[in-house]
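Input: a single structure, listed below in structure tokens.
A, B, ... follow the sequence lines: proteins, then strands. Residue 1 opens every chain. Atom set for the values below is all heavy atoms of this structure, side chains included, hydrogens, waters and symmetry mates excluded.
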Protein chains: 2
Amino acid sequence: MSTDEYTNLSEIRQHVLDIAKAQRMAEFFATLSDPNRWRILSALATGELRVRDLADVVDMSESAVSHQLRILRTMRLVRYRKDGRNVFYGLKDDHIFNLYRDISEHLDESDDD
Amino acid sequence: MSTDEYTNLSEIRQHVLDIAKAQRMAEFFATLSDPNRWRILSALATGELRVRDLADVVDMSESAVSHQLRILRTMRLVRYRKDGRNVFYGLKDDHIFNLYRDISEHLDESDDD
DNA sequence: CGCATACTTGAATGTTTGTTCAAATGTTTT
DNA sequence: AAAACATTTGAACAAACATTCAAGTATGCG
């Protein structure tokens, strides 16, 4: 038997994430797949910041930051609050930093083995 | 005062993830930012599979799967074992599926609010 | 009102990324 | 040894993405 399967594939197929769900997972992770977005999030972890100061602190242009904030907004990772001509952004919840801690450990593990 | 900062920026700057660390985090998340890679991982969660069967089960070409496995390999999410002309892949650890559960919940939350 | 400030938006651009296709490597079977 | 099979690899191509730049909206100040 050469072309035959080694496993019962039809059973496994049922456990494979369906396209829609896989897509949603991928989109979420894509949101966190940019270094500058991590820097933005880590800045906001210290508290609310207006766009201008945020840009200053992460060393990006205001426009670039604004574009990135839109992405973080649609993925509901940040909230915002208008105050006069300023807009203050903050983290929506701490979820992300538990995540950060977990992954951080995983990345450190990778050194051995 | 109009151009002035609302917050003590120099203090915040110290809490911003440095480029290298932000980069490593981003790279890890980028690994999980593709729907097909999630489907591959979910298939492997049921047990070892050779490339051919994996490709069958996730409905991709063998070549495409092989390319993606390389990425998962460099991020140490999968392990492999050669057996004759077959190569069996499996998950390196369950880490990813705790992650999966967490995010899955976060995505469901997003419906309200 | 008119100008400066804060932020957002859209088009343009260069880069990254995933798939396909063809070819290369390695293994087993006849 | 030849043919079939399993996997990997590299180049080519299209799609997705992040930044820049310029223009647009909106709020506050003189």
Side-chain angles (χ1 to χ4, degrees), chain A residues 1-7 9 19 22-23 25-41 44 48-75 78-90, chain B residues 1-7 9 19 22-23 25-41 44 48-75 78-90:
Chain A
M1 73 166 63
S2 50
T3 316
D4 280 347
E5 15 181 277
Y6 277 59
T7 332
L9 297 191
I19 314 249
Q23 182 69 42
M25 289 298 291
E27 273 166 15
F28 178 82
F29 278 81
T31 309
L32 297 172
S33 72
D34 180 85
N36 283 148
R37 281 196 290 271
W38 272 108
R39 282 162 60 80
I40 289 173
L41 290 171
L44 295 180
E48 276 192 333
L49 280 169
R50 57 178 184 145
V51 178
R52 196 185 181 294
D53 289 347
L54 189 48
D56 186 326
V57 129
V58 299
D59 201 36
M60 299 171 63
S61 75
E62 291 180 42
S63 176
V65 167
S66 187
H67 277 297
Q68 299 297 13
L69 284 171
R70 189 175 48 75
I71 293 173
L72 294 171
R73 234 160 45 215
T74 49
M75 212 40 89
V78 297
R79 55 177 176 66
Y80 66 101
R81 170 175 76 79
K82 292 188 185 171
D83 179 29
R85 46 188 171 186
N86 297 312
V87 179
F88 286 87
Y89 280 83
Chain B
M1 67 168 64
S2 50
T3 317
D4 280 347
E5 16 180 278
Y6 277 59
T7 333
L9 296 191
I19 314 251
Q23 182 69 41
M25 289 298 291
E27 273 167 15
F28 178 82
F29 278 82
T31 310
L32 297 172
S33 73
D34 180 85
N36 283 150
R37 282 198 288 274
W38 273 106
R39 282 162 59 81
I40 289 173
L41 290 170
L44 295 180
E48 278 191 330
L49 279 170
R50 58 179 182 144
V51 178
R52 193 184 185 295
D53 289 346
L54 189 47
D56 186 326
V57 130
V58 300
D59 201 36
M60 297 171 65
S61 76
E62 291 179 41
S63 176
V65 167
S66 187
H67 279 296
Q68 299 296 15
L69 285 172
R70 188 175 50 75
I71 294 172
L72 294 171
R73 234 161 44 216
T74 49
M75 213 40 89
V78 298
R79 53 177 178 66
Y80 65 102
R81 172 175 75 79
K82 291 188 184 170
D83 180 30
R85 49 189 169 187
N86 297 311
V87 179
F88 287 86
Y89 280 84

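Regarding contacts with the backbone of D:dA6, a side-chain N or O of B:R52 is found under 4.0 angstrom from either OP1 or OP2. In this model, the phosphate group of D:dA6 is not approached by any side-chain N or O of B:Y80 to a distance below 4.0 Å at OP1 or OP2. Proximity of B:R50 to the phosphate of D:dA6: a side-chain N or O atom is located under 4.0 Å from OP1 or OP2. For the OP1/OP2 pair of D:dT19 and a distance below 4.0 Å, the side-chain nitrogens and oxygens of A:Q68 include at least one atom meeting the criterion. B:S61 has no side-chain polar atom (N or O) that falls below the 4.0 Å cut-off from OP1 or OP2 of C:dT19.
Separating the CG atom of B:N86 from the C1' atom of D:dC5 is a distance of 9 Å, rounded to the nearest angstrom. Regarding B:R85, its CZ atom lies at a distance of 6 Å from the P atom of D:dA6, rounded to whole Å. Put simply, CG on B:L72 is 15 Å from C1' on D:dT8, counting in whole angstrom units. Separating the CE atom of B:M60 from the C1' atom of C:dT20 is a distance of 11 Å, rounded to the nearest angstrom. The CZ-P distance, from A:F88 to C:dA6, rounds to 11 Å in whole Å. Rounded to whole angstrom, the span from the CZ atom of A:R70 across to the P atom of D:dT19 amounts to 12 Å. Here the C1' atom of nucleotide C:dA6 and the CG atom of A:D56 are 14 Å apart, to the nearest Å. One can place CG of A:D83 at 12 Å from C1' of D:dG28, the figure rounded to the nearest angstrom.
The only option from B:R50, B:R81, B:R52 that meets the side chain to side chain donor-acceptor pair (under 3.5 Å) definition with B:N86 turns out to be B:R50. Across A:V51, A:I40, A:L49, a single residue satisfies side-chain contact (heavy atoms from CB on, under 4.5 Å) together with A:Y89, and that is A:V51.
The closest side-chain heavy-atom distance from A:I19 to B:R39 is below 4.5 Å. Contact check for B:V78 versus B:Y80: no side-chain heavy atoms found under the 4.5 Å cut-off. Between B:E48 and B:R79, some side-chain heavy-atom pair lies under the 4.5 Å cut-off.
For the pair A:W38 (side chain) and A:L32 (backbone), a donor-acceptor distance under 3.5 Å is present.
Other residues, nucleotides and ligands contribute at most 12 non-hydrogen atoms within 6.0 Å of the CG atom of B:D59.
Along DNA chain D, the nucleotide nearest to A:I71 and the one nearest to B:R73 differ in position, and the one closer to the 5' end is contacted by B:R73.
Residues from residues 28-39 of chain A lying near DNA chain C, meaning a heavy-atom separation below 4.0 Å, are absent.
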Write down the protein N/O and nucleotide N/O pairs, taken from nucleotides 10-12 of chain C, whose separation is under 3.5 Å; answer none if there are no such pairs.
unit_1, atom_1, unit_2, atom_2, d
C:dG10, O6, A:H67, NE2, 2.8

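Heavy atoms of A:Y89 sit under 4.0 angstrom from primed sugar atoms or phosphate atoms, though from no base atom.
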For residues 60-72 of chain A, which side-chain donor-acceptor pairs fall under 3.5 Å, sequence neighbours excluded?
unit_1, atom_1, unit_2, atom_2, d
A:S61, OG, A:A64, N, 3.0
A:Q68, OE1, A:R37, NH1, 2.7

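Distance OG/A:S33 to CD/B:E27: 10.5 Å, rounded to 0.5 Å. Taking CD of B:Q23 as the start and CG of A:N36 as the end, the distance is 9.0 Å to the nearest 0.5 Å.
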